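All of these numbers come straight from a predicted model, not from anything done at the bench. Side chains included, hydrogens not; waters and symmetry mates left out as well; all remaining heavy atoms used.
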Amino acid sequence: ELKDPRTGESLMKRTVLIANTSDMPVAAREASVYTGITIAEYFRDMGYDVAVIADSTSRWAEALREMSGRLEEMPGEEGYPAYLSSRLAQFYERAGSVECIGSDERRGSLTAVGAVSPPGGDLSEPVSQATMRIVKVFWALDASLAYKRHFPAINWLNSYSLYLDTLKPWFDENFGEDFMKDRSKAMSILQQEASLNEIVQLVGKDALSPADQLTLEVARMVREDFLQQNAFTDIDGYSSYDRQGKLLALILRYEALCRDAIAKGADVMKLFDIPVREKIGRAKSVPADEYVKVYEEIGTEMEAQIAEIAAQGGDQ
């Protein structure tokens with residue numbers, strides 16, 4: 001029933017499913033991943049950009065373990081075969097961009113996405129550790145975020161990407177140097193929040209300095225107003241890089257202006273209660289053809305309202 005956002009037709013028209021349930025023979029479950037990526041390579045060689053999603057490589061590894069046990073092979077860690085890491089590497093290393101044979105102009109690419117579902121969410125088990133040694137990007141889904149209705153439920157502290165240095169020149173050229181700087185600043189704020197939450201649990205939020213209270217508030221804005229998305233609305237279900245950059249810059253601009261105001265003696269609670277805060281929270285619901293103008297208006301209002309409170313703090 002899902003529609004392809006590019007063509008408007010059914011998404012199934014460009015989707016191939018390889019379904020092997022847990023009640024099927026173990027050999028079929030082991031072969032499913034190989035079947036899927038071989039079909040993906042077929043379309044890649046035709047010049048398409050293909051994404052193959054394996055859900056999940058943990059179930060596949062369990063099939064490998066079962067097959068290995070029946071063959072009476074020497075077991076490795078937690079009963080998995082000793083060649084588990086090499087089999088995982090062979091799967092992920094089949095991804096990449098290629099120049100197709102028969103034409104110098106035709107190029108195709110294959111992106112492999114493997115879902116790891118460790119028992120009990122233990123990322124120290126062999127499949128997770130072997131996967132993280134191979135791949136350069138890891139998204140750690142967090143059940144606690146899902147229970148809070150925060151979607152996508154990706155834990156920003158446990159997730160990582162080793163492609164940042166490679167992609168930085170592209171981002172700098174297309175969106176300016178501020179894009180990656182703002183990303184680093186937002187990550188720093190979220191990491192500070194994790195450290196401050198430990199203190200808050202001991203002494204309470206009111207015991208923190210105004211600067212630390214601001215850090216917690218801005219981190220909440222980054223989480224709820226920027227990272228959290230609603231996939232059921234067309235406006236928030238997809239966001240362009242330009243829009244992401246402008247929205248994050250708006251939140252970080254609020255943080256910078258509030259720090260200056262606090263240094264001048266402004267009341268931190270008044271800064272949190274300014275009317276424009278509600279507009280920032282609703283900024284991601286602005287239609288795609290209006291966000292540039294609306295974000296500029298929000299920025300102007302924000303500067304005026306914070307400046308007014310900063311002036312009151314200076315008078316006191």
Side-chain angles (χ1 to χ4, degrees), residues 1-2 4 10-102 107-143 146 152-154 158-159 162:
E1 297 179 1
L2 293 177
D4 185 343
S10 172
L11 196 61
M12 283 301 296
K13 286 192 174 182
R14 62 183 184 95
T15 302
V16 177
L17 294 178
I18 308 296
N20 280 317
T21 57
S22 297
D23 60 348
M24 294 183 70
V26 63
R29 284 187 279 136
E30 184 199 5
S32 59
V33 168
Y34 301 120
T35 305
I37 201 162
T38 301
I39 293 174
E41 287 175 330
Y42 170 78
F43 286 107
R44 178 206 64 190
D45 291 342
M46 293 172 64
Y48 289 105
D49 297 318
V50 187
V52 57
I53 302 174
D55 183 16
S56 78
T57 54
S58 295
R59 303 288 88 80
W60 174 46
E62 289 173 2
L64 285 174
R65 178 168 60 183
E66 196 171 334
M67 288 283 289
S68 177
R70 292 182 182 183
L71 294 172
E72 299 183 1
E73 295 174 338
M74 182 69 71
E77 188 178 359
E78 294 191 17
Y80 288 105
Y83 49 79
L84 172 66
S85 295
S86 63
R87 288 291 177 87
L88 285 168
Q90 287 170 12
F91 167 69
Y92 285 109
E93 287 170 358
R94 290 169 75 169
S97 178
V98 301
E99 185 177 291
C100 302
I101 296 175
R107 297 191 65 86
S109 68
L110 195 161
T111 302
V113 181
V116 185
S117 48
D122 180 17
L123 294 179
S124 65
E125 56 89 39
V127 180
S128 300
Q129 288 299 307
T131 300
M132 285 190 281
R133 282 197 300 268
I134 298 163
V135 300
K136 293 185 177 181
V137 175
F138 190 79
W139 292 341
L141 299 180
D142 194 331
I154 299 174
N158 295 336
S159 305
L162 302 182

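Within the 3.5 Å criterion, the main-chain N or O of L11 finds a donor-acceptor partner in the side chain of T15. Judged purely by atom type and a 3.5 angstrom limit, N158 has no side-chain atom pairing as donor or acceptor with the backbone of A140. Here the side chain of S128 pairs no donor or acceptor atom with the backbone of S124 at under 3.5 angstrom.
Annotation: salt bridge (charged side-chain N to carboxylate O under 4.0 Å, His left out) contacts of E125 (sequence neighbours excluded): none. Take E41 and apply the side chain to side chain donor-acceptor pair (under 3.5 Å) test, not counting sequence neighbours, and it matches R94. For Y34, the ring-ring contact (aromatic ring centres under 6.0 Å, His included) partners at least two apart in sequence or on another chain are W60. Residues meeting the side-chain contact (heavy atoms from CB on, under 4.5 Å) test with L162, sequence neighbours left out: K136, Y160.
Atom OG of S32 sits about 12.5 Å away from atom CG of L17, to the nearest 0.5 Å. Atoms SG and CZ, from C100 and R44 in turn, are 7.5 Å apart once rounded to the nearest 0.5 Å. For the atom pair CD of E99 and CZ of R107, the computed distance is 5.5 Å after rounding to the nearest 0.5 Å. In this structure, OG on S58 lies 10.0 Å from CZ on R65, to the nearest 0.5 angstrom. With rounding to the nearest 0.5 angstrom, the OG atom of S159 is 7.5 Å from the CZ atom of F138.
Pairs passing the salt bridge (Lys or Arg N to Asp or Glu O under 4.0 Å) check and including a residue from residues 45-57, sequence neighbours excluded, do not occur.
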Yes or no on side chain to side chain contact (heavy atoms under 4.5 Å, CB included) for V52 and V113, after CA distance, side-chain angles and deciding distance?
CA-CA 6 Å; V52 57; V113 181; over 6 Å; no
Stepwise, does the side chain to side chain contact (heavy atoms under 4.5 Å, CB included) test hold for R59 with S117?
CA-CA 8 Å; R59 303 288 88 80; S117 48; 3.0 Å; yes
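I134 and A89 make their closest contact through CD1-N, 3.5 Å (heavy atoms, listed as atom of the first residue, atom of the second, distance). Nearest heavy-atom pair, I18 versus G36, reported as atom, atom and distance to 0.1 Å: CG1-CA, 4.0 Å. Of all heavy-atom pairs between Y92 and G114, the closest is OH-CA, 3.4 Å. Heavy atoms only, all atoms of each residue included: A63 and R29 are closest at CB-CB, 4.1 Å.
S56 is not listed as a side-chain neighbour of V116, based on a closest heavy-atom distance of 4.5 Å or more. Looking at Y42 and V50, their side chains never come closer than 4.5 Å, going by heavy atoms from C-beta outward. By the 4.5 Å heavy-atom criterion applied to side chains, R70 and V26 are counted as neighbours.
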Side-chain donor-acceptor pairs of residues 76-88 under 3.5 Å, sequence neighbours excluded:
residue, atom, partner, partner atom, Å
Y83, OH, E73, OE1, 2.7
S85, OG, R133, NH2, 3.3
S86, OG, Y83, O, 2.8

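The pair D4-K13 does not meet the salt-bridge criterion, since no charged nitrogen lies less than 4.0 angstrom from a carboxylate oxygen.
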